[in-house]
Amino acid sequence: MKMENLPVNSLSLDFLTEFLISLEKLENDRGCRGVILTSGAPKIFSAGLDIMEMYGKSAEHYAEFWKAVQEMWLRLYQSNMVTIAAINGSSPAGGCLMAMCCDYRIMAENPKYSIGLNETQLGIVAPFWFKDTMVNTIGNRATERSLELGLLYSAPEAHKIGLVDQLVPEEKIQSTAAAVMSQWLAIPDHARQITKSVMRKPTVDRLLAHRESDIQNFVSFITKDSIQKSLQMYMGMLKQRRG
Amino acid sequence: MKMENLPVNSLSLDFLTEFLISLEKLENDRGCRGVILTSGAPKIFSAGLDIMEMYGKSAEHYAEFWKAVQEMWLRLYQSNMVTIAAINGSSPAGGCLMAMCCDYRIMAENPKYSIGLNETQLGIVAPFWFKDTMVNTIGNRATERSLELGLLYSAPEAHKIGLVDQLVPEEKIQSTAAAVMSQWLAIPDHARQITKSVMRKPTVDRLLAHRESDIQNFVSFITKDSIQKSLQMYMGMLKQRRG
Amino acid sequence: MKMENLPVNSLSLDFLTEFLISLEKLENDRGCRGVILTSGAPKIFSAGLDIMEMYGKSAEHYAEFWKAVQEMWLRLYQSNMVTIAAINGSSPAGGCLMAMCCDYRIMAENPKYSIGLNETQLGIVAPFWFKDTMVNTIGNRATERSLELGLLYSAPEAHKIGLVDQLVPEEKIQSTAAAVMSQWLAIPDHARQITKSVMRKPTVDRLLAHRESDIQNFVSFITKDSIQKSLQMYMGMLKQRRG
């Protein structure tokens, strides 16, 4: 499954909707037991949530957008398929979340690529289920430090703290992902799926129990003048950087 | 406490019943403050739950068997004694669970020995309290990968991820266990016991709250035709391998 | 913020009261966004709870003392400021707890300094929220072993298990702490504070839900004859060692 929302695979509402439809098709296809998530964009796995969806829009729009982000997490984190992230580019914020949802993460050893939940750097806050997903991946203390400082890790650092499982030279990432997939597909589906559910259900249930209030939180946070202003500044900076 | 249910220390109903009686005797013996769990069988610590107890029997039998497995875990995980596992052989599935119940794990550095919860490899699923015990030992992410793939670790790998605490040459395992025991017995019993209970009680309470439904789950799972068939195939494979 | 309750920065009721007042002043000072916690005593960061407050006093006194210890933890663990521990000396028991409450821990590489929750060595038991704080810092298994054995770690050992984040030569500890503080202060306060609260609130809420029973537990434990006797012996040993 190659993400191609050029230039940077931003998770816009359109892209998320498309992603969910594709994922559901694969999920319902009995011939498909596993999916490799990778990027068709150069140098970036996914830039995360699309800032354009969080700026200058209506409260209804924000709510709809956030519901789609939740849905993406719910489906990907609980997928019945084997999910492998072939991280062939940088993967900040929502991009890192997608990678963490997978069963296994392989990252290209490119010194320019980084990965992490860097929300606080932008003055925003990762919601509790982003945090839970990271705690499940790298433990409580590493998550605390990561989130408070909004850290982006290089590939070797990410590997050291367990944020990715394996590093490979960039040209080998797809072949390695395919080899790892074979290993996972050798396990009886039924036993693997139940085991995955036993591991992840408590985390999923926490969002399901607070889904509406989580949407309300997001809407009331993102509509604040101060937040809108800092997003505007950030977008200005991005524009300047690009040229 | 040397386990001797030859050839492979399978946890049969008889063996579990005997084990529980021996453990209770020691627990009530004021002169006994610690126990070293080791194997009298060659090359194997314990092969785990006895498959013969899970195949071709009545639902009542399965329920009785599962209750005994729960009881073993409840008693060993909460023992007031210092419990040290001297893992002098392979230790898959239920054998790994017993080792994880102890306060400290020493494993022989023999390249032929492996340890892990490999249930999914057999098409079955480790119950939530096996999972909880492993999460308490090696953390969430390593457990997720271990359980979904049914991984068996070599001694060095097990040491690296924290599944065992110490590796020693095989001939030194009993003397090392005795030395470690002295270190643990130097701590005032009362304070150590309360501390152990503070650490482990939440995990124990989770099983106690769902003990009956956990038995029902096991019985309805194990009586499925597909599961009985895959156990039959597995037993056939074992027979062939042996002879 | 330099602790100076000579000779060993024992956490007496007076010292805790003073500490809480100072902390609150800084917390309410809009100009103060971060605090470095360090010691003015030679060779010791803090010796932990003052044994004099736990011996030969009334139940009312014990209750008042314990409430102050809880309050110190509640305020420091949830501080809105960036909190950095510059651990320039040994830090057993309550001293280790204070360090673990901070956002970041730097320890001097002096072979004579040690850190840990060593309560069981004295025959007493670390309460559940000491345990929770340690689990949040170094994970469940390392905490279990630490607490059951009452382990004190050397600086390199503490660094290896993640109990401290960074080691530096003793003469560089203050300058390093200042440099780390700049890094943390570069993050927008508001986002960092909410993130910290998302991470720590569940742990805090557990104490708040059981605050009174935790005080009762402490009082009934500490007033036991056997505990009073072992504290008396311990104080005798300390006196002898000093002179």
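Residue numbers start from 1 in every chain, and the chains themselves are labelled A, B, ... in the order their sequence lines are given, proteins ahead of strands. Remember, predicted model here, so these are calculated numbers, not experimental data.
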So which heavy atom on [X] is nearest to which on [Y], and how close?
X        : Y        : result
B:Val204 : B:Tyr77  : CG2-CD2, 3.9 Å
B:Thr203 : B:Asp132 : CG2-CB, 3.6 Å
C:Trp73  : C:Leu97  : CD1-CD1, 3.9 Å
C:Gln70  : C:Arg211 : OE1-NE, 2.7 Å
C:Phe15  : C:Ser12  : N-OG, 3.1 Å
C:Lys57  : C:Tyr62  : N-OH, 2.9 Å

Heavy-atom pairs under 4.5 Å with chain C, option from B:Val198, B:Asp189, B:Val82 with the top count
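Greatest number of close heavy-atom pairs with chain C: B:Val198.
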
By number, which residues in [range] have some heavy atom less than 4.5 Å away from chain B?
range                       : answer
residues 134-147 of chain C : C:Val135, C:Asn140, C:Arg141, C:Thr143, C:Glu144, C:Arg145, C:Leu147
residues 154-167 of chain C : none
residues 85-93 of chain C   : none
residues 102-121 of chain C : C:Thr120, C:Gln121

Heavy-atom side-chain proximity of [X] to [Y] below 4.5 angstrom:
X        : Y        : value
C:His210 : C:Trp129 : no
B:Glu212 : B:Gln216 : yes
B:Met72  : B:Met98  : yes

Would you mind checking which part of B:Gln193 comes under 4.5 Å of any heavy atom in chain C, side chain (CB onward), backbone (N, CA, C, O), both or neither?
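B:Gln193 has no heavy atom closer than 4.5 Å to chain C.
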
Check the angle between the aromatic planes of C:Phe221 and B:His190 and answer parallel, tilted or perpendicular using the 30° and 60° thresholds.
parallel

Do the side chain of C:Glu53 and the main chain of C:Phe65 share a donor and acceptor less than 3.5 angstrom apart?
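Pair absent, no side-chain N/O of C:Glu53 close to backbone of C:Phe65.
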
Between B:Arg192 (side chain) and B:Ala186 (backbone), is there a donor-acceptor pair under 3.5 Å?
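No: the side chain of B:Arg192 does not pair with the backbone of B:Ala186.
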
Using side-chain contact (heavy atoms from CB on, under 4.5 Å), reason through B:Leu208 and B:Leu74 one step at a time and then give a plain yes or no.
CA-CA 9 Å; B:Leu208 292 179; B:Leu74 288 166; 3.9 Å; yes

Between B:Asp214 and B:Trp66, do the side chains contain a donor N or O and an acceptor N or O under 3.5 Å apart?
yes

More than 12 heavy atoms of other residues, nucleotides or ligands under 6.0 Å from CG of C:Asp225: is that the case?
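Counting neighbours around CG of C:Asp225, 12 or fewer heavy atoms of other residues, nucleotides or ligands fall under 6.0 Å, so no.
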
Is atom CE of C:Met233 surrounded by more than 12 heavy atoms (other residues, nucleotides or ligands) closer than 6.0 Å?
no

With side-chain contact (heavy atoms from CB on, under 4.5 Å) as the criterion, how do C:Tyr55 and C:Gln232 come out once you've worked through the C-alpha distance, each side chain's angles and the decisive distance to 0.1 Å?
CA-CA 8 Å; C:Tyr55 177 72; C:Gln232 190 182 20; 3.3 Å; yes

